[in-house]
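Not measured: the values here are computed from a predicted model. Order of the sequence lines fixes the chain letters, A, B, ..., with proteins taken first and strands second; residue numbering starts at 1 for each chain. The basis for the numbers below is simple: all heavy atoms, side chains too, and nothing from hydrogens, waters or symmetry mates.
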2 protein chains.
Amino acid sequence: MSFMNFNKSTEYAFRILGFLALDERKIYSTDEIYNKVKIPYRYLRKQLTNLTKKGLINSVQGKHGGYRLTKKKSEISLYDIVVCMEDGVLSNECFFGYTDCHLIEKCAMHDKWEEISSSLNNLLKTMNLADITRKEYPAFF
Amino acid sequence: MSFMNFNKSTEYAFRILGFLALDERKIYSTDEIYNKVKIPYRYLRKQLTNLTKKGLINSVQGKHGGYRLTKKKSEISLYDIVVCMEDGVLSNECFFGYTDCHLIEKCAMHDKWEEISSSLNNLLKTMNLADITRKEYPAFF
DNA sequence: AGAAAATAATACCTCTGGGTGTCATTTATG
DNA sequence: CATAAATGACACCCAGAGGTATTATTTTCT
Ligand code: SF4
Ligand code: SF4
């Protein structure tokens, strides 16, 4: 039982970008992506144009069109992806959900919570699309 | 910037139960709680009766009524609170949000993700309402 | 030029979490 | 017994996430 989770769109972005990272030069069509990535077709379409608007991928219109990463896979960290997707999310540093903690000293949870949350941030910052597509590991789709 | 967060009701539950833990025998009225806990009044009311139905607190109706913990504060872990509140949440073990990963070997993210998520679970399981109200620490409200 | 194959735009639907508003019920006490 | 002070029960509302459907645009190919 885990309580951490990103929102679906972010998870989908991981999958999509991870898939595109297999060959960063190639232009993948929606259908090619669809077969691997287990995302409802219409929603995938929407996400792809969203990712395009957000600048994470380039789109090529017209026949033989499709999508490809805007940057080299080693230059896109998971952290980049999350901040890009989760923009609406107010940065929530407080275990109790306070946005305005005026405590001078920290409460019993503060440091423990921060430790975990910073180790998550660390993980996201150190892992990039190249890392998660290394051939030592099986692909996640 | 942190991406972990429980839903608001769970955070509210932490605050409410943490407050009630100050004196586990005392019966606190909604108004007493309201002044400390920074939750919209009507919603607080609703949450209090929810927590009652869920069995985390007892309510006393009528004049001089209010709420108090059902168990000793040292016997209610944060984990208990979270599972109780977040019941609808499907246990999400997969970084990519898959519910049916058929990989025999684990992908590049699996172990790293699991490590963080299990250290969170650990924290929640080891901390209880007595722990977070120790006088060494300032109260979180 | 025109058909085919792709993405873009737009509009809508549905469900849930968070939040409000009103009235009903319970209980202590003068 | 009547009133006041508390909680309980409902019945809404709203915004946003996730998802669907339809039509428009862009490009290639014959
Ligand atoms: S000290 Fe406690 S209440 Fe204040 S921000 Fe940190 S975790 Fe939240
Ligand atoms: S191996 Fe990877 S894809 Fe499979 S459950 Fe673990 S994290 Fe998810």
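- Following rounding to the nearest Å, B/R45 (CZ) and C/dT25 (P) show an atom-to-atom distance of 15 Å.
- Spacing between atom CE of B/M85 and atom P of C/dG17 amounts to 11 Å, rounded to whole angstrom units.
- Two end axes, each from the C1' atoms of five base pairs, can be drawn for the helix from C/dA1-D/dT30 to C/dG30-D/dC1; they diverge by 10°, to 10 degrees.
- Nucleotide C/dA8 holds its P atom 12 Å from the CG atom of A/L44, rounded to whole Å.
- Toward the 5' end of DNA chain D, the nearer of the two residues A/S9 and B/S29, judged by each one's closest nucleotide, is B/S29.
- Classified by interplanar angle (parallel below 30°, tilted 30° to 60°, perpendicular above 60°), the ring pair B/Y12/B/Y43 is perpendicular.
- In terms of position along DNA chain C, the nucleotide closest to A/G65 lies nearer the 5' end than the nucleotide closest to the other residue of the pair A/K53 and A/G65.
- Note that A/R45 lies outside the cation-pi zone of A/Y34, set by a 6.0 Å cut-off to the ring centre and a 45° limit from the axis.
- Between B/E24 and B/R68, no side-chain nitrogen of the basic residue sits less than 4.0 Å from a carboxylate oxygen of the acidic one, so the salt-bridge criterion is not met.
- For the atom pair CE of B/M109 and CG of A/L78, the computed distance is 5.0 Å after rounding to the nearest 0.5 Å.
- Within a 6.0 Å sphere centred on NZ of B/K73, heavy atoms belonging to other residues, nucleotides or ligands number more than 12.
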Sugar-phosphate or base contact per nucleotide [nucleotides 25-30 of chain D; S, B, -; heavy atom under 4.0 Å]: -BBBS-
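- The CG-C1' distance, from A/D31 to C/dA5, rounds to 10 Å in whole Å.
- Counting to the nearest Å, the C1' atom of C/dG17 and the CG atom of B/N50 are 12 Å from each other.
- Set against D/dG8, C/dT20, C/dT7, the side chain of B/R42 has C/dT20 as its closest nucleotide.
- For NZ of B/K54, the number of neighbouring non-hydrogen atoms (other residues, nucleotides, ligands) closer than 6.0 Å is greater than 12.
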Stepwise salt bridge (charged side-chain N to carboxylate O under 4.0 Å, His left out) test for B/K38 and B/E11: CA-CA 11 Å; B/K38 304 289 177 51; B/E11 293 173 346; over 6 Å; no
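- Contact check, B/T30 against D/dA6: no side-chain N or O comes under 4.0 Å of OP1 or OP2.
- Residue B/E11 contributes atom CD, which lies 13 Å from atom C1' of C/dG17 at whole-angstrom precision.
- Side chain B/K46 to base C/dG18: no donor-acceptor pair is found below 3.5 Å.
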Side chain to side chain contact (heavy atoms under 4.5 Å, CB included) evaluation trace for B/H102 with B/D100: CA-CA 6 Å; B/H102 299 316; B/D100 61 338; 3.9 Å; yes
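- Residue A/S59 has a polar side-chain atom (N or O) positioned under 4.0 Å from OP1 or OP2 of C/dA8.
- Counting non-hydrogen atoms under 4.0 angstrom, A/Y67 reaches the backbone sugars and phosphates but no base.
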Residue pair A/Q47, A/I39: steps toward the side chain to side chain contact (heavy atoms under 4.5 Å, CB included) verdict: CA-CA 10 Å; A/Q47 288 316 306; A/I39 301 174; 5.5 Å; no
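- Which of D/dG19, D/dT7, C/dT20 sits closest to the side chain of B/Y43 comes down to C/dT20.
- Atom NZ of A/K38 and atom P of D/dG18 are 19 Å apart (whole Å).
- In this structure, A/Q47 places its CD atom 16 Å from C1' of C/dT10, rounding to the nearest Å.
- Under 4.0 angstrom from either OP1 or OP2 of C/dT7 there lies no side-chain N or O belonging to A/T52.
- A close approach under 4.0 Å does occur between a side-chain nitrogen or oxygen of A/Y12 and OP1 or OP2 of D/dG19.
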From CA spacing to verdict: side chain to side chain contact (heavy atoms under 4.5 Å, CB included), A/Y67, A/I16: CA-CA 10 Å; A/Y67 305 89; A/I16 295 168; over 6 Å; no
